[in-house]
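Numbered from 1 within each chain, the chains take letters A, B, ... in sequence-line order.
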Protein chains: 2
Amino acid sequence: MADKIIPDIVVGRLPIYLRALQRMLAENRHVTSSQELGERLGISAAQIRKDLSQFGEFGKQGTGYSIDYLAEQIRHILKVDQVWDIAVVGAGDIGSAVARYQGFANRGMQVKQIYDSDPAKVGTDVGSFKVKDIADIESEIKKDGIKVAMIATPSDHAQEVADQLVSAGVMAILNYAPINLNVPENVRVQYIDPVIHLQRMTYYL
Amino acid sequence: MADKIIPDIVVGRLPIYLRALQRMLAENRHVTSSQELGERLGISAAQIRKDLSQFGEFGKQGTGYSIDYLAEQIRHILKVDQVWDIAVVGAGDIGSAVARYQGFANRGMQVKQIYDSDPAKVGTDVGSFKVKDIADIESEIKKDGIKVAMIATPSDHAQEVADQLVSAGVMAILNYAPINLNVPENVRVQYIDPVIHLQRMTYYL
DNA sequence: TAGATTGTTAATCGATTAACAATC
DNA sequence: TAGATTGTTAATCGATTAACAATC
């Protein structure tokens, strides 16, 4: 029997819930309610309960949710109760910043490799990583069984890199290059482009 | 008479359309159709036409859209037919990468200032900017009339920084710290957290 | 017990798509 | 003229909210 299909928009909110719960834990809180969580996030309590109910029953009537337990359940649903190795492609400003980023710790992600095509950069250090030659990307990614990658190359190389990642077995790509990628439909892509976010706000100014 | 209210989700797609149009211009294309644009972006042609029709009539039956003209119109709608000065708060890896980012050019944005609280960083150079002392942030932002800012500080300072930005007159904040910000409802906030995007994909792996 | 909050159903609201007359 | 594609309407689809019985 196939699992019920969960709307993508619901899946997309789970990481937001998880981040807020982890923040509450850091504040030494133990219990919360859909109402409190909703107020913090600007989301209705009903929506939070509805979202969570797609996956199971995690709360107690009259009491609310154990923060620790709910966080654990969401981590399991999102498959971040394990650590995913990440390959970063492009060792420029953005690639380097992301490779050194401390924010992956305890959130199910860790950078494992970083690549560049510039011979002057290959072999140099970025944080604790040695920059690898992009010529070796397919074999290296296959060797390590990496499934998640980030593209931080110039736009005009992003599609070519994406093709290589896909043929190396990568199934999830976070793309910092400001361009849309074409990938097979079983490969997921997410985009980060600060200008898109900024332009979305200037409309209202 | 008040303008018709445009759904936020429609406004959010305009920057995506604009980016694709600018890409087509770079490819020396002159005319496109809702169908072609939709195929590139993975959006239905009907939706693109519907979105655009909220703002006016930009196409020609039988022919499609002049890429140059449509891009110009969208830039006008989004108010990026002007250049917005941006203040970057935090001169760590992410703040520095963003301050040096080349991708703002021709997209209506330019970094103008960068701040840090670390005395060892204040006064040093990041790209073509000299890092300013965060103690002066309110007066400096007011002086330059800056309305758009990016937060790239550690999480535990982000809310405090946001409060200062708001009282200095900033109306749009792009937050790289992995934490939700509370701001007055007339101030817009957008979030960039790579982990959120990554966790959204691991669900499907 | 009284109060609080869940999980769920039904109603509402909003967004997307299909279809087509208008027209370039 | 024939073919193509827009702008728009109506139909469909999906997401959000309100309300409440269940129950801790």
What closest approach, in Å, do [X] and [Y] show between heavy atoms, and which atom pair accounts for it?
X	Y	value
A/Arg100	A/Gly127	CG-CA, 3.8 Å
B/Ala87	B/Ile146	N-CG2, 4.0 Å
B/Ser96	B/Ala91	OG-O, 3.1 Å
B/Tyr176	A/Pro194	OH-CB, 3.5 Å
B/Tyr115	B/Asp133	CD2-O, 3.6 Å

Is it the case that the side chain of [X] and the backbone of [Y] share a donor-acceptor pair, with hydrogens and angles ignored and the cut-off at 3.5 Å?
X	Y	value
A/Thr202	B/Leu78	yes
B/Gln54	B/Val11	no
A/Lys79	B/Tyr203	yes
B/Thr153	B/Gly90	no
B/Tyr204	A/Asn186	no
B/Gln164	B/Glu138	no
B/Gln190	A/Leu198	no

Contacting residues from [range], given that a heavy atom lies under 4.0 angstrom of DNA chain D:
range	result
residues 56-69 of chain B	B/Glu57, B/Phe58, B/Gly59, B/Lys60, B/Gln61, B/Gly62, B/Thr63, B/Gly64, B/Tyr65
residues 7-17 of chain A	A/Pro7, A/Ile9, A/Arg13
residues 19-48 of chain B	B/Ser33, B/Ser34

Quick one: salt bridge (Lys or Arg N to Asp or Glu O under 4.0 Å) partners of A/Lys112, sequence neighbours excluded?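 A/Lys112 satisfies salt bridge (Lys or Arg N to Asp or Glu O under 4.0 Å) with A/Asp85 only.
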
Inset, instruction - Kindly indicate whether a cation-pi arrangement holds for B/Lys60 with B/Tyr65, taking the cut-offs as under 6.0 Å to the six-membered ring centre and within 45° of the axis. - result: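 No - B/Lys60 does not lie over the ring of B/Tyr65 by the 6.0 Å and 45° rule.
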
| task | Name the first nucleotide and the last nucleotide along DNA chain D (5' to 3') that come under 4.0 Å of a heavy atom in chain A. | result |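 Range of nucleotides touched by chain A: D/dA15 to D/dC24.
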
If you define the side chain from C-beta out and look only at heavy atoms, does anything of A/Leu165 sit under 4.5 Å from A/Met150?
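Sidechains of A/Met150 and A/Leu165: no contact.
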
Dot-bracket assigned to DNA chain D with the 3.5 Å Watson-Crick/G-U criterion, [ ] for crossing and | for other-strand pairs, is ..||||||||||||||||||||||

